[in-house]
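Not measured: the values here are computed from a predicted model.
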Amino acid sequence: MPELPNSLEDAIAQAQVATQAALADGYTKLQVELLFPELKLMPVAQQFLPIFEQYSDKLKVLFPDAGSAGLARRDWTDVPFKITDIGTGRAASIQSKIQPEDEIFLFIAPTSPELPQLEKICEEIGDRPFVMLNPFLEDAGKIGIGYAARQTRIRFFNTIEACYYLRPVYEGVALFRCYPGMWEIWVENGGEYQKIVELPQKPSGDDLDLILAKGQASTSTEEAVPVKKPSVFRGLQRFIQALKN
């Protein structure tokens with residue numbers, strides 16, 4: 001099974017393999033997350049895109065807004081696929097974005113303001129596969145909608161398979177998943193990261209704290225103490241630097 005990558009390029013390559021494997025197994029709603037601060041997503045997306053080469057002009061790439069879609073059209077020259085934006089228009093504009101000949105879709109960094117439009121676009125897509133690359137939709141189901149709409153949104157999120165996930169959470173701790181593998185927690189030990197546990201589901205923040213506390217207790221004869229949480233930013237920066245080396 002894949003181990004924690006040694007570089008950003010390795011992480012992207014792993015994400016490509018995981019996405020292809022999930023598509024081959026019949027998953028049609030996929031999510032890929034490389035969660036590092038100050039990550040320049042356009043180069044990441046450009047490195048990720050070759051897995052869709054077989055679809056040629058049957059691929060549709062959607063950015064959050066017209067501005068980012070325009071920049072991609074300017075910078076990505078001579079590409080066979082179509083580039084558009086999610087936008088916030090009416091139903092008619094949604095239908096114009098999704099054509100019958102489109103076979104697969106890549107959403108790049110959709111955010112919570114686009115979520116209502118994104119859900120409608122996914123309804124229009126139907127059973128055709130889509131991949132979300134680094135969506136920023138956390139807690140979007142809790143904002144500004146009633147109970148029924150919130151439950152619908154939760155059901156929507158629950159249909160999406162996180163085929164690749166890599167995030168440094170605390171200093172020296174990373175959460176990792178590469179389909180078809182399980183969710184894994186890796187901890188730095190002597191300058192290297194080691195896997196300490198595998199889980200069938202993504203752990204919550206509280207679950208993560210409990211697992212780390214138990215791990216600390218198992219390696220010490222002293223009474224267990226709560227795991228310290230140094231600056232998350234500092235931990236992320238340290239992990240990013242390790243990936244760059």
Side-chain angles (χ1 to χ4, degrees), residues 15 19 22-23 26-37 39-42 44-46 48-49 52 55 57-76 81-167 177 179 201-202 204-205:
T19 301
L23 289 169
Y27 287 94
T28 57
K29 301 176 176 64
L30 299 175
Q31 187 164 291
V32 171
E33 294 183 271
L34 298 157
L35 300 177
F36 310 124
L39 182 68
K40 294 181 179 179
L41 195 55
M42 289 291 280
V44 171
Q46 198 164 12
F48 183 73
L49 274 164
F52 301 107
Y55 295 96
D57 61 349
K58 307 299 183 184
L59 167 67
K60 177 70 65 68
V61 177
L62 297 100
F63 284 84
D65 52 59
S68 54
L71 289 174
R73 282 191 289 266
R74 183 198 69 184
D75 295 339
W76 295 355
F81 52 82
K82 297 176 285 293
I83 299 172
T84 187
D85 61 280
I86 296 172
T88 55
R90 298 173 296 180
S93 68
I94 293 173
Q95 293 169 359
S96 68
K97 293 177 187 297
I98 308 303
Q99 305 298 326
E101 61 268 23
D102 298 331
E103 293 182 1
I104 192 167
F105 305 83
L106 175 64
F107 295 96
I108 297 179
T111 64
S112 54
E114 292 87 44
L115 186 53
Q117 185 88 340
L118 174 63
E119 290 176 298
K120 293 175 183 176
I121 289 175
C122 290
E123 288 178 7
E124 189 72 20
I125 286 172
D127 294 331
R128 288 172 286 181
F130 69 75
V131 180
M132 294 189 193
L133 177 62
N134 270 30
F136 297 98
L137 306 173
E138 289 293 328
D139 297 324
K142 302 177 183 178
I143 301 173
I145 57 176
Y147 176 79
R150 191 158 55 245
Q151 293 304 306
T152 299
R153 188 158 290 173
I154 289 171
R155 285 194 292 271
F156 171 70
F157 285 132
N158 287 342
T159 65
I160 300 174
E161 178 75 12
C163 63
Y164 193 83
Y165 185 97
L166 178 57
R167 180 180 186 180
R177 200 261 167 137
Y179 180 89
Q201 303 292 332
K202 180 182 178 181
S204 67

So do [Y] and [X] actually touch side chain to side chain, heavy atoms under 4.5 Å?
X	Y	value
F63	I83	yes
F107	I121	yes
N134	V44	no
K29	F130	yes
I94	E123	no

Enter the distance from [X]:[atom1] to [Y]:[atom2] here, rounded to the nearest 0.5 Å.
X	Y	atom1	atom2	answer
L62	Q117	CG	CD	10.0 Å
T28	R128	OG1	CZ	11.5 Å
K60	Q99	NZ	CD	5.5 Å
I125	I98	CD1	CD1	4.5 Å
L23	F52	CG	CZ	7.0 Å
L41	F136	CG	CZ	6.5 Å

**From CA spacing to verdict: side-chain contact (heavy atoms from CB on, under 4.5 Å), L106, L133** = CA-CA 7 Å; L106 175 64; L133 177 62; 4.2 Å; yes
**Residues in side-chain contact (heavy atoms from CB on, under 4.5 Å) contact with E103, at least two apart in sequence or another chain** = Y55, K58
**Request:** Quick one: list whatever passes side-chain contact (heavy atoms from CB on, under 4.5 Å) with A22, sequence neighbours left out.
**Result:** Y27, L30, C163, Y179
**Flag if over 12 foreign heavy atoms under 6.0 Å of CD, E101** = yes
**Item:** Heavy-atom pair with the smallest gap, counting every atom of D85 and A66
**Value:** CB-N, 3.6 Å
**Request:** Show the numbers, then the answer: is there a side-chain contact (heavy atoms from CB on, under 4.5 Å) between R155 and N158?
**Result:** CA-CA 5 Å; R155 285 194 292 271; N158 287 342; 5.5 Å; no
**Message:** Tell me which pairs pass side-chain hydrogen bond (donor to acceptor under 3.5 Å, both in side chains) where either residue lies in residues 67-76, with sequence neighbours left out.
**Reply:** D65-S68
